[in-house]
Amino acid sequence: MKIGILTSGGDCPGLNAVIRGIVLKGIKVYGHEFVGFRDGWRGVVEGDIMDLPRQMVRGISKQGGTILGTSRTNPFEGNGGPDVIKAHMERLGIDALIAIGGEGTLAAARRLTDAGLKIVGVPKTVDNDLDATDYTFGFDTAVQIATEAIDRLRTTGESHHRCMIAEVMGRHVGWIALHAGMATGAHAILIPEQKTSIEQIAEWVREAHDRGRAPLVVVAEGFVPDHQDSAHSERGLDTFGRPRLGGISEQLAPELESRTGIETRATILGHIQRGGVPSSFDRVLATRLGMAAVDSVVEERWGTMVSLKGTEIEHVPFEAALGNLKIVPQHRYDEAAILFG
């Protein structure tokens, strides 16, 4: 069997470990042949492939990014569509696809599966917001990167007696902010799931300052203060028509400074959270998911993705992961809020 692999959407640490897990198990256990589509769905729509023999994946599990490249191409727009993709697969002798990506990638994979293509998925998102899986690879690394950066911000904040605001990724959910904020001892954690007033944030900042601390606030990019209707966005829309987020920390800083009288600085971590080498946890998880995806192909589990449940890998339908975001539950936020102020 000849299997095509693609990585689509935003990159994250662990993608190469998935590719390596797929190729090594597929060759060693099943004797399959593998090719990679360049730049996600763009390569699928255009039939742009590269061979993936065993030597191509040697030692790549520790590398960040993806050797296949990625893009945010919509496979149904322009010259795409199921018929075009089917024609390329038949021409290239490709029997099935393994799509590695987040909600947008898996939603496209589901539509293509419904149109008769043979596809299985591997969930990927640093935000950890996909339902039907306990963790996604890339999340642990993103939290570690954010934690290290915030630790550095804290020391300079303490030196100057400033309030420091660290903005991390999290369009719809606050998992990175929650974990990194708890790990660094933040005096306030602001996430999309919890609308919070500027007055409440200022009170937490003042409480920390009055105890002789340099206040630390960790905010997810998708956080919406209670006086706003939508997340802060100044950079237009992405290719899927979604607002490009980023900058809520820079909006909060002058507000908090004016209300508390405490000099306040904002830092946006941005894409640094996606870069660099994956953590050991993400390398292991990504490898296991990749190997399980090959089993899905062999067992013809079309329209499913591999999923982490506890410590075991399961196979769940695309529908289970789509439509419902895995949000931070109230009890987890309440647990962290005990530490605020």
For a quick test of your reading: what N or O donor-acceptor pairs under 3.5 Å do the side chains of residues 51-61 make, sequence neighbours left out?
none

Assess the residue pair D151 and T184 against the criterion (side chain to side chain donor-acceptor pair (under 3.5 Å)); give the C-alpha distance rounded to whole Å, side-chain angles, the decisive distance to 0.1 Å, and a yes or no. CA-CA 6 Å; D151 282 344; T184 56; 5.4 Å; no

M305, I98: one ILVMFWY side-chain cluster at the under-4.5 Å cut-off? no

Taking side chain as C-beta onward, heavy atoms only, is H179 less than 4.5 Å from F139? yes

Could you state the interatomic distance from CE (M164) to NE2 (H187), rounded to the nearest 0.5 Å? 13.5 Å

Starting from the C-alpha separation in whole Å, work towards a yes-or-no answer on salt bridge (charged side-chain N to carboxylate O under 4.0 Å, His left out) for R332 and E335. CA-CA 5 Å; R332 286 296 306 274; E335 180 181 64; 3.5 Å; yes

Determine whether D129 and K326 satisfy the following criterion, salt bridge (charged side-chain N to carboxylate O under 4.0 Å, His left out), listing intermediate values before the conclusion. CA-CA 5 Å; D129 61 358; K326 185 178 67 188; over 6 Å; no

What pairs with R265 under side chain to side chain donor-acceptor pair (under 3.5 Å), at least two apart in sequence or on another chain? E263

Taking every heavy atom of F137 against every heavy atom of L15, the minimum-distance pair comes out as CE1-N, 3.7 Å

Atom pair NZ (K62) and OG (S280), whose distance is rounded to the nearest 0.5 Å: 14.5 Å

Kindly compute the distance separating NE2 (H209) from CD1 (I262), expressed to the nearest 0.5 Å. 4.5 Å

How many angstroms lie between OG in S249 and CD in E221, if you round to the nearest 0.5 Å? 10.5 Å

Do the side chain of T7 and the main chain of G69 share a donor and acceptor less than 3.5 angstrom apart? yes

Any heavy-atom pair between the side chains of V173 and N128 that's under 4.5 Å? no

In chain order, what residues pass the salt bridge (Lys or Arg N to Asp or Glu O under 4.0 Å) check against R259, with sequence neighbours excluded? E199, E255

What are the two closest non-hydrogen atoms of A180 and V143, and how far apart are they? N-CG1, 4.0 Å

Nearest 0.5 Å please: distance from the CD atom of E319 over to the OG1 atom of T304. 10.0 Å

Least distance between heavy atoms, A220 atom then G170 atom: CB-O, 3.9 Å

Is it the case that the side chain of E158 and the backbone of A214 share a donor-acceptor pair, with hydrogens and angles ignored and the cut-off at 3.5 Å? no

May I have the step-by-step check of side chain to side chain contact (heavy atoms under 4.5 Å, CB included) for I191 and Y333, ending in yes or no? CA-CA 9 Å; I191 62 176; Y333 187 77; 3.6 Å; yes

Check: R274 side chain, P13 main-chain N or O, donor-acceptor pair, under 3.5 Å: no

Same cluster for V328 and L325 if Ile/Leu/Val/Met/Phe/Trp/Tyr side chains link at under 4.5 Å? yes

With a 6.0 Å cut-off (strictly less than), is the heavy-atom count around CD1 of I272, excluding the residue itself, greater than 12? no

By salt bridge (Lys or Arg N to Asp or Glu O under 4.0 Å), E299 pairs with (sequence neighbours left out) R301

Report whether V18 and V306 are members of the same hydrophobic cluster (ILVMFWY, side-chain heavy atoms less than 4.5 Å apart, transitive linking). yes

Counting distance only, does the side-chain N/O of Q273 pair as donor-acceptor with the main-chain N or O of G270 below 3.5 Å? yes

Only one of I119, T113, D114 forms a side chain to side chain contact (heavy atoms under 4.5 Å, CB included) with L117, so which one is it? I119

dist D95:CG -> E33:CD (nearest 0.5 Å) comes out at 9.5 Å

Taking it one step at a time, do V277 and Q63 satisfy side chain to side chain contact (heavy atoms under 4.5 Å, CB included)? CA-CA 5 Å; V277 299; Q63 296 176 15; over 6 Å; no

Close side-chain approach of T267 to I165, heavy-atom, < 4.5 Å: no

Under 3.5 Å donor-acceptor, T136 side chain and T125 backbone: yes

Check D127 against R171 and note the closest heavy-atom contact, atom names and distance. OD2-N, 3.7 Å

Test of understanding: with side chain to side chain donor-acceptor pair (under 3.5 Å), list the residues that count as partners of S307, not counting sequence neighbours. none

Whether the side chain of T287 engages the backbone of G21 through a donor-acceptor N/O pair (distance < 3.5 Å, no angle test) should be reported. no

Partner residues of D140 under the side chain to side chain donor-acceptor pair (under 3.5 Å) criterion, sequence neighbours left out: S279

Please collect all ring-ring contact (aromatic ring centres under 6.0 Å, His included) contacts where either partner lies in residues 26-78, sequence neighbours excluded, each pair once. Y30-H32

Determine whether E207 and R213 make a side-chain contact, defined as any pair of heavy atoms from C-beta on separated by less than 4.5 Å. no

Evaluate side chain to side chain contact (heavy atoms under 4.5 Å, CB included) for I19 paired with I22, printing each intermediate quantity in order. CA-CA 5 Å; I19 297 168; I22 292 170; 5.6 Å; no

Could you pull out all residues at least two apart from D334 that satisfy side chain to side chain donor-acceptor pair (under 3.5 Å)? Q330

Can you see whether T66 engages D11 through a side-chain donor-acceptor pair at a distance of less than 3.5 angstrom? no

Residues that D39 engages under salt bridge (Lys or Arg N to Asp or Glu O under 4.0 Å), provided they are two or more places apart: R42

All salt bridge (Lys or Arg N to Asp or Glu O under 4.0 Å) counterparts of D131, not counting sequence neighbours: none

Is there a continuous path of hydrophobic side-chain contacts, each under 4.5 Å between heavy atoms, that joins L252 to L216? yes

Side-chain heavy atoms under 4.5 angstrom apart, residues restricted to Ile, Leu, Val, Met, Phe, Trp, Tyr: same cluster for V29 and M1? yes

Assess the residue pair H88 and R91 against the criterion (side chain to side chain donor-acceptor pair (under 3.5 Å)); give the C-alpha distance rounded to whole Å, side-chain angles, the decisive distance to 0.1 Å, and a yes or no. CA-CA 5 Å; H88 283 308; R91 175 178 61 84; 3.0 Å; yes

Keeping the roles fixed (side chain from K124, backbone from G10), state whether a donor-acceptor pair exists under 3.5 Å. yes

Test side chain to side chain contact (heavy atoms under 4.5 Å, CB included) on R38 and M50 and set out the steps. CA-CA 7 Å; R38 292 185 175 93; M50 58 187 286; 3.4 Å; yes

Which atom pairs, donor and acceptor, lie under 3.5 Å between side-chain atoms of residues 99-109 and protein residues at least two apart or in another chain?
from: E103; atom 1: OE2; to: G323; atom 2: N; distance (Å): 3.4
from: T105; atom 1: OG1; to: S8; atom 2: OG; distance (Å): 3.4

What residues, two or more places apart in sequence or in another chain, satisfy ring-ring contact (aromatic ring centres under 6.0 Å, His included) together with W204? F340

Can you name the nearest heavy-atom pair linking W302 to V297, along with the distance? CH2-O, 3.6 Å

Check C12 against V126 and note the closest heavy-atom contact, atom names and distance. CB-CG1, 3.3 Å

